[in-house]
Amino acid sequence: MTPQTTTAASTATTGPRTTAATTPALLTCAVAASPLWAVVSLTQAATRDGFDITRHPLSALSNGSLGWLQITNFLVAGALLAVGATGLRRALRGTPGSTWAPRLVRISGVGMVAAGLFVMDPADGFPSGTPYGPPAALTWHSYAHFAAGSITFTSLIAACYVLGRHFSRIGNRRHAIASRLAGTALLLGNGWAMTGGRAGTLTLAVGAVTAMLWVATTAHHYRRAR
């Protein structure tokens, strides 16, 4: 056997092993992203002066002297979700939804990073001292934040429905139902908020956390399976 042949054979042997070894670590990123974001966001929502989750979106926490906490939360959780999508792609390989579910999860992660980079304008009494009601005019970074949020929510909703099809096709009816319920929770929560419904920011928060935690649950399911 020539040295070149030996090297090629070694690479072919170690490649799949390396992939198999790193997949659980990548899935762990997807598992951690959503609970991290939810805990940090909801803890701030309950403790920061002037914040009312029935009137203020969780994104508003990026404003004020402690705004860096929520900005960092978006950046870290989004990066973990984007990286974790690679593990999900490997875990789903060869099954229905194996292409689009990970892609949509990665897009939602990138959207979260963008939402952290572009902070929405202070509004409706938060942070303390801000005039009540919407701002007189929106800044460009507020528009960019809303666009990033729309991308994140749309991709999360679609990812949940694709996962629902995935679990349905492989015969896991319970997970298929849970996937679709999670996607519907965000779809309805976001829709209610967009139409100006009462406590729309609360319904959006519930929907977003539900959909994100289901992605984490799915990643945990496949990490255990490995």
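Count residues from 1 along the sequence.
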query: Of all heavy-atom pairs between Ala123 and Pro135, which one has the smallest distance, and what is that distance?
result: CB-CD, 3.6 Å
query: Side chain of Asn63, backbone of Val119: donor and acceptor closer than 3.5 Å?
result: no
message: When you compare the side chain of Arg106 with that of Leu81, does any pair of heavy atoms fall below 4.5 Å?
response: no
task: Please tell me if the side chains of Thr86 and Pro102 come closer than 4.5 Å, counting only heavy atoms from C-beta onward.
output: no
- request: Give the intermediate values and the outcome of side chain to side chain contact (heavy atoms under 4.5 Å, CB included) for residues His220 and Val31.
  value: CA-CA 6 Å; His220 177 65; Val31 171; 3.9 Å; yes
- prompt: So how far is it from Leu117 CG to Ile71 CD1, rounded to the nearest 0.5 Å?
  reply: 8.5 Å
field: Donor-acceptor contact present, side-chain Thr154 to main-chain Ile151, <3.5 Å
entry: no
query: With no hydrogens and no angle check, is any side-chain donor or acceptor of Ser98 less than 3.5 Å from a backbone partner on Thr95?
result: yes
- prompt: Who passes salt bridge (Lys or Arg N to Asp or Glu O under 4.0 Å) against Asp124, sequence neighbours left out?
  reply: Arg55
message: How long is the straight-line distance from CG of Asn73 back to OG of Ser59, given to the nearest 0.5 Å?
response: 10.5 Å
- line: Smallest heavy-atom separation, Ala159 atom then Val105 atom, equals CB-CG2, 4.1 Å
Under 3.5 Å: donor-acceptor pair, side chain of Arg223, backbone of Thr28: no
- line: All heavy atoms of Val113 vs all of Leu75, minimum pair found to be O-CD2, 3.4 Å
message: Is the ring pair Phe126/Phe51 parallel, tilted or perpendicular, if the boundaries are 30 and 60 degrees?
response: perpendicular
Note, Thr218 side chain near His166 side chain (heavy atom, < 4.5 Å): no
- request: Determine yes or no for a side-chain-to-main-chain donor-acceptor pair under 3.5 angstrom, with His145 supplying the side chain and His141 the backbone.
  value: no
message: For residues Leu80 and Trp37: do they belong to one hydrophobic cluster (side chain heavy atoms under 4.5 Å, members Ile, Leu, Val, Met, Phe, Trp, Tyr)?
response: no
- request: Answer with yes or no whether the hydrophobic clustering places Val215 together with Leu58; edges join I, L, V, M, F, W, Y residues whose side-chain heavy atoms lie under 4.5 Å apart.
  value: yes
message: Name the residue from Arg180, His175, Arg173 that meets the side-chain contact (heavy atoms from CB on, under 4.5 Å) definition with Ser168.
response: Arg180
- line: Heavy-atom closest pair (Leu92 atom, Gly97 atom, distance to 0.1 Å) is CD1-O, 4.2 Å
query: Is there a path of hydrophobic side-chain contacts, each under 4.5 Å between heavy atoms of I, L, V, M, F, W or Y residues, that connects Val209 with Met112?
result: yes
query: With respect to Phe118, which candidate in Trp140, Tyr143, Phe74 satisfies the ring pair (Phe, Tyr, Trp, His ring centres under 6.0 Å) definition?
result: Trp140
- request: Flag yes if Leu66 and Leu36 sit in one hydrophobic cluster, no otherwise; membership is Ile, Leu, Val, Met, Phe, Trp, Tyr, and two members link when side-chain heavy atoms are under 4.5 Å apart.
  value: no
task: Could you tell me whether the side chain of Thr203 and the main chain of Gly189 form a donor-acceptor pair under 3.5 Å?
output: yes
query: In Å and rounded to the nearest 0.5 Å, what is the NE2 to CG distance from His56 to Leu61?
result: 9.5 Å
message: Side chains of Leu204 and Leu186, heavy atoms from C-beta outward: is any pair under 4.5 Å?
response: yes
- prompt: Between Met212 and Pro35, is any pair of side-chain heavy atoms under 4.5 Å apart?
  reply: no
- prompt: So do Leu27 and Pro24 actually touch side chain to side chain, heavy atoms under 4.5 Å?
  reply: no
query: Have Tyr222 and Thr23 got a donor and an acceptor in their side chains that come within less than 3.5 Å?
result: no
- request: Could you tell me how the ring of His221 sits relative to the ring of Phe167: parallel (under 30°), tilted (30 to 60°) or perpendicular (over 60°)?
  value: perpendicular
task: May I ask you to decide if Ala158's main-chain N or O and Trp100's side chain share a donor-acceptor pair within less than 3.5 Å?
output: no
message: Using modelled atom types and a 3.5 Å cut-off, is there a donor and acceptor pairing between side-chain atoms of Ser41 and backbone atoms of Ala38?
response: no
query: Are side-chain N/O atoms of Ser179 and Arg165 paired as donor and acceptor at under 3.5 Å?
result: no
- request: Examine Leu202 and Leu187 and state if one hydrophobic cluster contains both, with Ile, Leu, Val, Met, Phe, Trp and Tyr joined whenever side-chain heavy atoms are less than 4.5 Å apart.
  value: yes
field: CH2-CG distance between Trp214 and Leu163, expressed to the nearest 0.5 angstrom
entry: 8.5 Å
task: Determine the minimum heavy-atom distance between Ser142 and Met120, stating which atoms define it.
output: OG-CA, 3.8 Å
task: Return yes if a side-chain donor-acceptor contact under 3.5 Å exists between Ser155 and Arg103, otherwise no.
output: no
- prompt: Is there a donor-acceptor contact under 3.5 Å from the side chain of Asn190 to the main chain of Phe153?
  reply: no
Minimum-distance pair of heavy atoms, taken over all atoms of Ala219 and Leu88: CA-CD1, 4.4 Å
